[in-house]
**Q** 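One structure is given below, represented as structure tokens, and several questions about it will come after.
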Amino acid sequence: MEKQPSTLIMDVKLQKDALARPIKFTPPLYKQRYQFIIQLVSKHKPKKVADLGCADCRLLWMLKFCNCIEVLVGLDISEEVMKEKISVLFNFSASRYTLSPLPGDYLQPSERALTVTLHQGSVAHKDPCMLGFDMVTCIELIEHLEAKELEKFPEVVFGFMSPAMIIISTPNSEFNPLLSVTLFRHPDHKFEWNRAQFQNWALDTAAHYGYRVEFTGLGVPPPGKDVGFCTQIGVFVRNDLKNREPDKFEKCREHAYKTVFKAVYPSLKDEKYLQNAVVGEVFRTAQLIARRILDCKISNPVEIEPSLQPQHCFLKYLEHFPLAEKDNRSMEPFINGSTVSIPLEKIFSFPKVHHLCGTFETLTKLITGKVTLSKDGTAVLIDVEYENEEN
Ligand code: SAM
């Protein structure tokens with residue numbers, strides 16, 4: 001597209017202005033781009049998200065904290081740019097941007113399942129591992145593609161992957177004079193489009209692959225400069241949200257990408273972690289109840305008739321736990337010698353245990369063999385001999 005003399009004069013004027021007062025965005029534009037994606041994720045709650053051209057995985061790192069996401073995938077042509085991140089991940093470094101689960105994730109597994117995978121490969125190639133995504137982000141990627149790759153990009157991303165939503169951001173070349181940029185913003189850029197060029201490409205692509213597109217951007221120009229946003233963004237939404245993937249899987253079984261990292265986060269959806277959490281919570285709750293009963297025994301040293309003792313103590317204990325059902329006597333714990341017996345029904349009535357297990361049957365199933373139970377299996381037994389000696 002050849003520039004008219006009047007446009008050139010305007011560019012020179014804009015550049016002079018830029019040199020006089022260089023534009024700085026706060027927060028920096030790259031952070032605003034990530035924030036833009038996070039907001040879209042909060043709004044649309046995708047479960048499977050892929051970031052194409054993920055570079056050092058910072059966006060992925062931010063996305064791992066979005067609780068709706070269960071599958072997070074990064075793709076980049078360069079293993080090198082991801083490598084720094086990957087080695088950090090394997091070394092378990094204290095990096096802020098680690099994609100690996102941290103010790104805290106194991107101590108308190110999340111309710112959602114999360115898998116993070118990084119692939120090395122090109123957006124110009126199809127791989128079945130990219131099917132079934134709800135959202136695909138391409139942040140400052142397309143301007144790095146060679147002409148041939150750019151030509152293939154719509155067929156792969158829109159035609160083959162065809163996620164419900166695609167977000168593409170790219171520099172708006174009309175803004176460049178304000179940044180004192182003469183040709184491109186980065187030496188690796190193969191092109192930079194003005195608004196018309198990007199919007200024409202986006203509208204054609206959307207129409208061809210059954211998407212609609214809305215345009216927006218980030219980085220507002222100074223007042224009086226009608227150059228558009230510094231970063232231009234197209235948000236594409238697929239018109240037909242029916243799943244068309246099995247068909248494609250048949251056609252493309254070949255894996256073109258190399259998986260360079262995979263992390264499966266500990267989750268309560270996995271029975272192993274759920275069982276650990278339930279057993280821990282049951283044990284904590286039972287200990288707490290036993291402790292309260294013993295405390296109550298200490299603060300009431302008067303000899304109470306043994307048959308009355310449990311109820312008396314338990315009523316005291318209930319004052320600390322108003323959520324427990326006060327009128328259900330079958331749920332009352334009692335002391336027998338050096339053992340406190342706490343009915344499972346009682347433990348199940350505690351909100352955290354209830355929430356973790358869902359049903360009484362699940363509670364019973366998960367703790368059997370892991371916690372000491374009464375002979376009939378209806379109560380947790382806590383040995384308080386040591387505490388009694390102490391007292
Ligand atoms: N999306 C990241 C962000 O916003 O922070 C960084 C984008 S970086 C400017 C462009 C990335 O695209 C680079 O990491 C580059 O390696 C990657 N890239 C270039 N050509 C690619 C291709 N054909 N397929 C996948 N990634 C590619």
Side-chain angles (χ1 to χ4, degrees), residues 25 27-41 49-64 66 72-88 95-97 99 116-127 129-130 133 135-161 163 165-173 175-176 179 181 183-193 198 216-219 229-235 255-261:
F25 295 106
L29 268 195
Y30 77 91
K31 283 193 180 166
Q32 292 191 36
R33 289 192 284 265
Y34 299 156
Q35 208 47 49
F36 178 81
I37 300 296
I38 301 290
Q39 277 165 8
L40 279 180
V41 167
V49 178
D51 184 29
L52 311 184
C54 61
D56 66 359
C57 309
R58 277 197 211 192
L59 176 59
L60 291 172
W61 176 79
M62 290 175 82
L63 288 172
K64 85 170 190 170
C66 297
L72 202 47
V73 167
L75 173 74
D76 203 285
I77 190 85
S78 163
E79 197 175 336
E80 285 301 306
V81 286
M82 291 188 285
K83 226 175 192 164
E84 186 197 343
K85 183 67 38 189
I86 297 162
S87 59
V88 162
S95 162
R96 280 203 307 138
Y97 300 120
L99 290 179
V116 183
T117 314
L118 299 179
H119 300 293
Q120 182 275 321
S122 170
V123 289
H125 297 139
K126 296 172 187 167
D127 188 305
C129 72
M130 282 300 185
F133 281 79
M135 181 184 276
V136 164
T137 56
C138 309
I139 306 302
E140 307 297 277
L141 163 72
I142 58 170
E143 65 277 8
H144 290 265
L145 302 180
E146 301 284 355
K148 280 212 159 133
E149 293 174 316
L150 183 67
E151 208 179 295
K152 272 274 178 192
F153 177 87
E155 185 193 326
V156 175
V157 179
F158 290 79
F160 176 71
M161 296 183 193
M165 183 177 273
I166 302 168
I167 300 109
I168 298 180
S169 85
T170 191
N172 164 19
S173 63
F175 205 100
N176 285 355
L179 303 169
V181 168
L183 184 59
F184 295 148
R185 293 184 198 175
H186 190 278
D188 188 52
H189 287 181
K190 310 300 185 295
F191 62 90
E192 284 178 7
W193 282 336
F198 176 56
T216 180
L218 295 164
F229 293 108
C230 187
T231 293
Q232 45 187 343
I233 300 175
V235 178
H255 285 272
Y257 305 158
K258 176 177 139 197
T259 303
V260 291
F261 172 78

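Whatever order the structure lists ligands and atoms in, that order sets their numbers, starting from 1. Since this is a predicted model, take the numbers as computed values, not measurements.
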**Q** I'd like to know if the side chain of N172 and the backbone of F229 have a donor-acceptor N/O pair within less than 3.5 Å.
**A** yes
**Q** For V156, which residues count as a side chain to side chain contact (heavy atoms under 4.5 Å, CB included) partner, sequence neighbours excluded?
**A** K126, M161
**Q** side-chain hydrogen bond (donor to acceptor under 3.5 Å, both in side chains) between T170 and E143: does it pass, once the steps are laid out?
**A** CA-CA 7 Å; T170 191; E143 65 277 8; 2.8 Å; yes
**Q** Considering only distance and modelled atom types, tabulate donor-acceptor pairs under 3.5 Å from the side chains of residues 146-154, sequence neighbours left out.
**A**
unit_1, atom_1, unit_2, atom_2, d
E149, OE1, E146, N, 2.9

**Q** Residues in side chain to side chain contact (heavy atoms under 4.5 Å, CB included) with P28, at least two apart?
**A** Y30, K31
**Q** Would you check ligand 1 and list the protein residues that come within less than 4.0 Å of it by any heavy atom, ordered by chain and number?
**A**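 Under the 4.0 Å cut-off, ligand 1 touches Y34, G53, A55, D76, I77, S78, V81, G121, S122, V123, I139, E140, L141, H144, L145, E149.
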**Q** Under 3.5 Å, is there a donor-acceptor pair between the side chain of Y257 and the main chain of M130?
**A**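 Here the side-chain-to-backbone pair does not exist.
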